[in-house]
Amino acid sequence: MNTAHRTYGTVVFMLVVSLIMMYFTITPSFADGSGTASSPYSVTQGIANQGSSGAVEGFIVGKPESTSSIATFNFSDDYAIAIADQANETNVNEMLFVQVPSSLRSDFGLKSNPDLIGESVVVNGSLTDYFAHAGVKSVSAIELGDGAGSGNPGDSGEEESSPYDDTYYRSAVGKTGSALKTELHMIIDDHTELSYSEVWDALRVTDEDPLNPNNVILLYSGRSQSKYENGGGVDDWNREHVWAKSHGDFGTSMGPGTDVHHLRPTDVTVNSSRGNLDFDNGGSPQSEAPGNYYDSDSWEPRESVKGDVARMIFYMAVRYEGDSGEVDLEVNDLVNNGSAPYIGKVSVLKAWNEMDPVDSFEENRNNVIYDQYQHNRNPFIDHPEWVEAIW
């Protein structure tokens, strides 16, 4: 009898082991590592080690859409991927949201490569919140893994670098918080100022359509329009102050009122709709500029320029600090700021900075302003991670 029980127990034990082995064959997961090239972290470790940097390996399970959701098909862009320890993971809390840098989107963005779903990748970067969710940013490398928890992630994760770090930003690199804000102000202060009439000609160059040199791209609508169809007509373009000039009451005076880093060509009627609204999510659609929404106290721009808007606002908050008789501009987490020298919501602008990474149009614009007009740069285009370092 005892022998029969032992035999039965052995059979049950072997069956359980077989089922466990079958489960892990069907749904592989990654073992813990040390975060190095030869031993990447698992996603679970990556979540636990937010605030550090290193290599993480996981399966691509979708594209982040919000703090609590991912898309698994019909991907809208190549900006981000979600990875998990198991290829069939559906719990967003068990995932890392990875910001895909522009140089890697053609290879690892899901709009361009939907077949990557279920593939294992090794990601090297800074383990920090993305989409207000555990994530990986400042990514230096993404490579296909071998599906078994090891791979070659390339170079170790570091802060994003700029060709101006050893010259223009030399005194700011390595600083954080108020010390970084103060140093950046000193660097970008005292730029060459334009008159308000000179802004017309500057915008014809800074916002030139890369596919049609006779046109400019309008910020909110995305429409390509003749450089010389500007003025006050309903279908003309005019000079939009992204930091609304009534927020601080600086008007069109030289300095903040003519700073091309935040002046953009926009459709006249769309500009009127935006008015001096603060920035936030939600509202009713703007019929002439699809993808833009507004209500009585806020404006939400289209997806592909949300980061542009955020980085322009953060530039203004650093460039204008109240010295030399200039207005002191600051971001806050409110709407309805009226004529006070504030614009919100900073929490939303920070999220937009992460959601919409810097693109080639924005980089070119920064270079043109620096080389040809004001001879200062928007540091948050060169180093978008400095937004989080300051705010």
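Bear in mind the structure is a predicted one, so any value in this text is a computation, not a measurement. When a residue number appears, it is its place in the shown sequence, counting from 1.
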What residues form a ring-ring contact (aromatic ring centres under 6.0 Å, His included) with Trp200, not counting sequence neighbours? Trp237

Report yes if the side chains of Pro357 and Gln99 come closer than 4.5 Å at any heavy-atom pair, otherwise no. yes

Do Tyr315 and Asn376 come close enough that some side-chain heavy atom pair is under 4.5 Å? yes

Nearest atoms (heavy-atom pairs only) where Thr90 meets Met95: C-CE, 3.9 Å

Heavy atoms of Asp259 and His191 approach each other most closely as OD2-CE1, 3.4 Å

Counterpart residues, salt bridge (charged side-chain N to carboxylate O under 4.0 Å, His left out), relative to Arg239 (two or more places apart): none

Is it the case that over 12 heavy atoms from other parts of the model lie below 6.0 angstrom from the CG atom of Asp166? no

Give me the atom names and distance for the closest heavy-atom approach of Leu127 to Gly46. CD1-O, 4.1 Å

Starting from Leu263, can I reach Trp299 by hopping between I/L/V/M/F/W/Y residues whose side chains sit under 4.5 Å apart? no

Is there side-chain contact between His247 and His241, with at least one heavy-atom pair below 4.5 Å? no

Answer yes when Lys111 and Asp78 have at least one side-chain N-carboxylate O distance shorter than 4.0 Å, and no when they do not. no

Honestly curious: do Ile369 and Phe380 fall in one hydrophobic cluster under the side-chain, below-4.5 Å linking rule? no

Looking at Phe75, I want to see if its CZ is surrounded by more than 12 non-hydrogen atoms of other residues, nucleotides or ligands under 6.0 Å. yes

Between Asn337 and Asp278, a side-chain donor and acceptor under 3.5 Å: yes

For a quick check under 3.5 Å, do Thr269 and Ser272 share a side-chain donor-acceptor pair by atom type? no

Say whether His133 and Asn93, considering side chains only, have a donor N or O and an acceptor N or O under 3.5 Å apart. no

For Met254, I'd like to know if atom CE has over 12 heavy atoms of other residues, nucleotides or ligands within 6.0 Å. yes

Salt bridge or not for Glu385 and Lys137, using N-O below 4.0 Å? no

Has Gln286 got a side-chain atom pairing as donor or acceptor with Ala289's backbone, closer than 3.5 angstrom? yes

I'd like to know if the side chain of Arg302 reaches the main chain of Asn292, judged simply by a donor and an acceptor atom lying under 3.5 Å from each other, with no hydrogens or angles considered. no

Side-chain ion pair, Lys306 and Glu303, N-O less than 4.0 Å: yes

Just wondering, do Asn113 and Leu116 contact through their side chains at under 4.5 Å, heavy atoms? yes

Picking from Val98, Val122, Leu96, what satisfies side-chain contact (heavy atoms from CB on, under 4.5 Å) with Val56? Leu96

Is there a side-chain contact between Val268 and Val234 in this structure, where contact means two heavy atoms from C-beta onward sitting under 4.5 Å apart? no

Joint cluster assignment, Ile60 & Tyr79, ILVMFWY side-chain distance < 4.5 Å: no

What I want to find out is whether Lys63 reaches Glu65 closely enough, with some N-O distance under 4.0 Å, to be called a salt bridge. yes

Quick one, Lys345 with Asp280, criterion salt bridge (charged side-chain N to carboxylate O under 4.0 Å, His left out). Give me CA distance, side-chain angles, the key distance, then yes/no. CA-CA 6 Å; Lys345 292 182 171 180; Asp280 197 2; 3.3 Å; yes

Those residues that, when tested against Arg223, pass salt bridge (charged side-chain N to carboxylate O under 4.0 Å, His left out) (two or more places apart): Asp267

Looking at side-chain heavy atoms only, is the closest gap between Trp243 and Leu329 below 4.5 Å? yes

What I'd like to find out is whether the side chain of Asp209 reaches to under 4.5 Å of the side chain of Phe361, using heavy atoms alone. no

Quick one: does Ser112's side chain have a donor or acceptor within less than 3.5 Å of a partner on Gly109's backbone? no

Distance-minimising heavy-atom pair for Ser224 and Asn215: OG-ND2, 2.9 Å

Taking all non-hydrogen atoms of both residues, which atom of Asp356 and which atom of Arg311 are closest, and how far apart? O-NH2, 2.7 Å

Scanning both residues in full, the closest heavy-atom pair of Met312 with His262 reads SD-CA, 3.8 Å

Thr44 vs Ser42, side chain to side chain donor-acceptor pair (under 3.5 Å): CA-CA, chis, key distance, verdict: CA-CA 5 Å; Thr44 300; Ser42 66; 4.6 Å; no

Can you find a pair of side-chain heavy atoms, one from Val216 and one from Leu203, that are under 4.5 Å apart? no

Walk me through whether Ser39 and Thr36 qualify under side chain to side chain donor-acceptor pair (under 3.5 Å). CA-CA 5 Å; Ser39 178; Thr36 63; 4.8 Å; no

Is any NZ, NE, NH1 or NH2 atom of the basic residue among Arg319 and Glu326 found under 4.0 Å from an Asp or Glu carboxylate oxygen of the other? yes

Could you tell me whether the side chains of Arg377 and Tyr164 share a donor-acceptor contact shorter than 3.5 Å? yes

Run the side chain to side chain donor-acceptor pair (under 3.5 Å) test on Ser126 and Thr128 for me, step by step, so that the C-alpha distance in whole Å, both residues' side-chain angles and the decisive distance to 0.1 Å come before the verdict. CA-CA 6 Å; Ser126 176; Thr128 188; 5.2 Å; no

